[in-house]
Amino acid sequence: MTQRKLSDQEIQRREALEALRALGIDPYPPERWDVTHHAADIKARYRDEEADRWQTVSLAGRIMGKRLMGKAAFLELQDFSGRIQLYVRRDEVCPGEDKTLYNKVIKKLLDIGDIVGVRGSVFRTKTGEVSVRVQEFKLLAKALRPLPVVKEKDGKRFYDVRDPEFRYRQRYVDLIINPRSRWVFLQRTKLLRTIRDFLNERGYLEVETPILQPVYGGASARPFKTFHNALKMRLFLRIANELYLKRLIVGGFDAVYEFSRDFRNEGMDRFHNPEFTVMELYVAYKDYLWMAELMEEMVERVAVALHGRPTITYGEHTISFARPWKRVTFYGAIKEFTGEDVSGLSEEALRARAKAWGLEVDETMGKGRLLDEIFGEKVEPHLIDPTFVMDYPVELSPLAKRHRDNPALTERFEVICAGKEIINAFSELNDPLDQRRRFEEQMGLRAKGDEEAMVIDEDFLRALEYGMPPTAGVGLGIDRLTMLMTDAHSIQDVILFPHMRPEQGLYTALADHDDEDTEAAGEPPSEG
RNA sequence: GAUCCCGUAGCUCAGCUGGUAGAGCAUUGGACUUUUAAUCCAAGGGCCCUGGGUUCGAGUCCCAGCGGGAUCACCA
């Protein structure tokens, strides 16, 4: 691999590295640096009257700004919690004759982005800024690349990195310089923890199920394929974990859940990443009506945990997750927004209706897909506050139990919020013979050219034949919920490392590997 | 996959109807012991995404490609 051409600033930093070594300073020292305080806590808790209690604090973090003034300097130190100003006086950090540490190391060789440890006392400057007066200063790690320098005044940011490509590819830089980005991912973690706590309080069991699956199922989507060399078999990355969690219900676990990273081989846009996270939960002896109440309670708690109240702002909208949420039925909602009752229409009549509304339809679309299309176009965009859409047609829901009052419907709901689906739940189909018929219908659609129709899973049917208790199941889109909760408008803003095309020239070392792998694996048997 | 927009210094951006590149921050040298978008003086820094084409001459115009964004399609 050819050596990357270094910029002038990178060359200067490498020279600084050598200069430090020449002074006997290890730019990457091995010893630990014990931190006693964090920037934000100091700023929040310091009181002038109690200054004597703040005589020795120890911090570590990254230098984000330098204001040098002869024999004194102000530095901005950023740690995980935030930023604090450091005040360094030459004669305090260098009490003896040797002023090298100040004159050379701090003034010349210290760069923005370097990681340092400091010890000193907290005080307030005459302009009122709580700061740390540094007595001891140690370089903990030298940065060889210059960081984009963002200036800030009165909350306004200058020279901010706007290029989304930069922010997504080099998320580590984004996290350093962009407090909002840090906040989003802290919120995401908090969201996950709130849900996990909520489920654990109820005694539900967190489990792990296969990502590599011989048959993909549990959703309608095209999968990623891969190949296992030792077993010489094709495998799929899961598009859902539903069928495995239900096997566990068969096995006698009453309630299981998993935060499932799922993979779908589809297009990417601001609502879709090829890998995404769904929380799926299955509870035995419950039905979808029970599940609806559980989800209301859970998501309301998430909103309160993240915002202190159930109301959030998303773009133009103010959205309330306060219980109870509005409920509509699938056909009722279509009627509400189009004025027409499509519940009795045949496939041909539906197709004609959809065409008349200007929707794109084709002959491979069965009744289910047609209804889905109509609903997605005519209803979904209008639902802003979280809304339960109840009782989906059976054609759309091959894994859901038929409705107790109407066999053409299923006991299924979705929750739509800000025009997007965030939750999908049903009373799970546990009739093995009906499940087999539904799979067969799906295979029929597949034969007609619907690439996303489900594939029959014989082992799953075998499990159902042993008997599965009546069960309520749900899937919650974690990425989308995070988007709502953080007012993010692209899924890439809530995924730490969103999928991107490879950067040119970055992964050249893998080129050979790919070739070998393809050869060793051979072409996986193609399927129809 | 389609359409539109974008790609210029480490970062944010200018660069007009074509005449071989500018600013601010960052960097380097100098001054400064309470600054905070620090200030003042001076300096360096460019495969203008890549490859073709038109032209005496291309950052600029045309074509193709690569990367990103937005919209659409598929999907959650």
Side-chain angles (χ1 to χ4, degrees), chain A residues 5-13 15-16 64-76 83-92 102 107-108 111-113 123-129 131 133 143-169 173 177 219-222 239-240 262-278 359-360 362 365 369 372-373 376 380 414 416 420-424 450-452 475-481 483 489-492 498 500-506:
Chain A
K5 197 188 163 216
L6 299 178
S7 68
D8 58 342
Q9 295 194 49
E10 290 177 289
I11 291 164
Q12 280 154 9
R13 284 174 182 234
E15 286 167 0
M64 296 300 286
K66 293 169 73 181
R67 292 182 289 278
L68 304 181
M69 285 169 310
K71 299 181 186 67
F74 290 93
L75 307 173
E76 291 288 330
R83 285 192 189 186
I84 194 164
Q85 179 173 259
L86 306 178
Y87 179 48
V88 187
R89 298 217 296 181
R90 187 193 69 182
D91 295 335
E92 260 177 289
Y102 183 79
K107 278 182 77 172
K108 296 290 177 194
D111 290 305
I112 287 173
F123 75 113
R124 190 182 295 275
T125 65
K126 73 179 183 191
T127 54
E129 175 118 1
S131 308
R133 182 187 222 103
L144 294 184
R145 289 205 188 222
L147 224 43
V149 178
V150 181
K151 302 276 183 175
E152 202 173 334
K153 171 140 178 139
D154 303 330
K156 272 172 80 176
R157 290 164 66 80
F158 302 83
Y159 316 117
D160 208 351
V161 174
R162 293 202 192 84
D163 181 6
E165 185 174 359
F166 190 114
R167 294 185 43 234
Y168 301 148
R169 285 199 197 278
V173 176
I177 64 179
S220 300
R222 283 146 65 193
I239 59 172
D262 294 343
F263 305 84
R264 297 192 187 171
N265 211 336
E266 312 276 0
M268 297 159 58
D269 61 27
R270 66 197 181 91
F271 293 102
H272 302 268
N273 195 64
E275 53 181 298
F276 62 106
T277 306
V278 177
L359 307 181
E360 277 192 40
D362 63 65
M365 293 169 82
R369 292 272 312 273
D372 200 22
E373 182 73 19
E380 270 191 12
E414 289 196 357
I416 312 291
K420 288 282 165 188
E421 175 197 340
I422 56 169
I423 294 175
N424 181 23
D450 183 351
E451 284 185 73
E452 280 147 19
L476 163 70
I478 294 294
D479 308 287
R480 290 205 178 159
L481 186 61
M483 287 172 68
H489 294 261
S490 168
I491 197 169
Q492 297 175 108
M500 298 206 114
R501 283 196 172 85
E503 218 174 322
Q504 252 183 338
L506 204 57

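Naming convention: chains lettered A, B, ... in sequence-line order (proteins, then strands); numbering from 1 in each chain. Remember, predicted model here, so these are calculated numbers, not experimental data.
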Gap in Å between the two [atom1] atoms, one belonging to [N] and one to [M], rounded:
| N | M | atom1 | value |
| --- | --- | --- | --- |
| B:G19 | B:G57 | P | 14 Å |
| B:A21 | B:U8 | C1' | 8 Å |
| B:G59 | B:G22 | C1' | 12 Å |
| B:U12 | B:A26 | P | 15 Å |
| B:C25 | B:C40 | P | 8 Å |
| B:A14 | B:U60 | C1' | 14 Å |
| B:U33 | B:C16 | C1' | 50 Å |
| B:C49 | B:A76 | C1' | 34 Å |

OP1 or OP2 of [N] less than 4.0 angstrom from a side-chain nitrogen or oxygen of [X], does that happen here?
| X | N | result |
| --- | --- | --- |
| A:K108 | B:G30 | yes |
| A:K151 | B:A26 | yes |
| A:R157 | B:A37 | no |
| A:K156 | B:A37 | no |
| A:R124 | B:U34 | no |
| A:R222 | B:C74 | no |
| A:R480 | B:A76 | no |
| A:R67 | B:A38 | yes |
| A:R162 | B:C13 | yes |
| A:Q492 | B:G69 | yes |
| A:K153 | B:A37 | yes |

Side-chain donor/acceptor contact of A:Q9 with base of B:A26 under 3.5 Å: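 It does, because a donor-acceptor pair links the side chain of A:Q9 to the base of B:A26 below 3.5 Å.
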I'd like to know if A:D163 reaches the base of B:C13 with its side chain, counting only an N/O donor and acceptor under 3.5 Å.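 No pair found.
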Roughly, in whole Å, what's the span from [atom1] in [X] to [atom2] in [N]?
| X | N | atom1 | atom2 | answer |
| --- | --- | --- | --- | --- |
| A:R89 | B:C32 | CZ | P | 16 Å |
| A:D111 | B:C11 | CG | P | 16 Å |
| A:M268 | B:U71 | CE | P | 14 Å |
| A:E10 | B:C11 | CD | C1' | 13 Å |
| A:L75 | B:U35 | CG | P | 15 Å |

Report which part of the nucleic acid [X] touches: base, sugar-phosphate, or nothing (heavy-atom distance under 4.0 Å, all strands).
| X | answer |
| --- | --- |
| A:R90 | nothing |
| A:Q85 | base |
| A:L68 | base |
| A:R83 | nothing |
| A:E152 | sugar-phosphate |
| A:E165 | sugar-phosphate |
| A:F166 | sugar-phosphate |
| A:G477 | nothing |
| A:F263 | nothing |
| A:E451 | nothing |
| A:N273 | base |
| A:D160 | sugar-phosphate |
| A:N424 | nothing |
| A:S7 | sugar-phosphate |

Can A:S220 and A:E452 be counted as having a side-chain donor-acceptor contact under 3.5 angstrom?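 Side chains of A:S220 and A:E452: no pair found under 3.5 Å.
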Going by heavy atoms in the side chains, are A:R133 and A:R89 under 4.5 Å from each other?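 Counting from C-beta outward, A:R133 and A:R89 do come under 4.5 Å.
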Under 3.5 Å: donor-acceptor pair, side chain of [X], backbone of [Y]:
| X | Y | value |
| --- | --- | --- |
| A:E380 | A:E421 | no |
| A:D269 | A:F271 | yes |
| A:R13 | A:A143 | yes |
| A:D479 | A:T277 | yes |

Which residue lies toward the 5' end of RNA chain B, A:G70 or A:I112, if each is placed at its nearest nucleotide?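 Going by which nucleotide is closer to the 5' end, it is A:I112.
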Here's a test of your reading of the structure: between A:Y87 and A:E452, which maps to the more 5' nucleotide of RNA chain B?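 Mapping each residue to its closest nucleotide by heavy atoms, the 5'-most match is A:Y87.
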Taking the minimum atom-to-atom distance to the side chain of [X], which one of [options] wins?
| X | options | result |
| --- | --- | --- |
| A:V149 | B:C25, B:A76, B:U34 | B:C25 |
| A:M69 | B:C32, B:A76, B:C11 | B:C32 |
| A:K5 | B:U33, B:C47, B:G69 | B:C47 |
| A:A72 | B:G67, B:C11, B:U33 | B:U33 |
| A:P164 | B:G69, B:G45, B:U33 | B:G69 |
| A:M500 | B:U35, B:U33, B:G68 | B:G68 |
| A:F158 | B:G69, B:G10, B:A37 | B:A37 |
| A:K126 | B:A76, B:U35, B:U33 | B:U35 |

By a 5.5 angstrom centroid cut-off and a 30 degree plane limit, is there stacking between A:Y159 and B:G24?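 It does not: the two rings, one from A:Y159 and one from B:G24, miss the stacking criterion.
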How are the rings of A:F123 and A:Y87 set relative to one another: parallel (under 30°), tilted (30 to 60°) or perpendicular (over 60°)?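 Tilted.
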Closest approach of A:H489 to A:M483 (non-hydrogen atoms, all atoms of both residues):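 Nearest pair, atom of A:H489 first, then A:M483: C-CE, 3.8 Å.
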Base partner of [N], which must satisfy Watson-Crick or wobble distances under 3.5 Å:
| N | value |
| --- | --- |
| B:U28 | B:A42 |
| B:G67 | B:C6 |
| B:C72 | B:G1 |

Decide if atom CZ of A:R145 counts as having more than 12 heavy atoms of other residues, nucleotides or ligands within a radius under 6.0 Å.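 Not buried by this count: 12 neighbours or fewer within 6.0 Å.
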Lys/Arg-Asp/Glu bridge criterion (N-O < 4.0 Å) met for A:R67, A:E76: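 Answer for the salt bridge query: yes.
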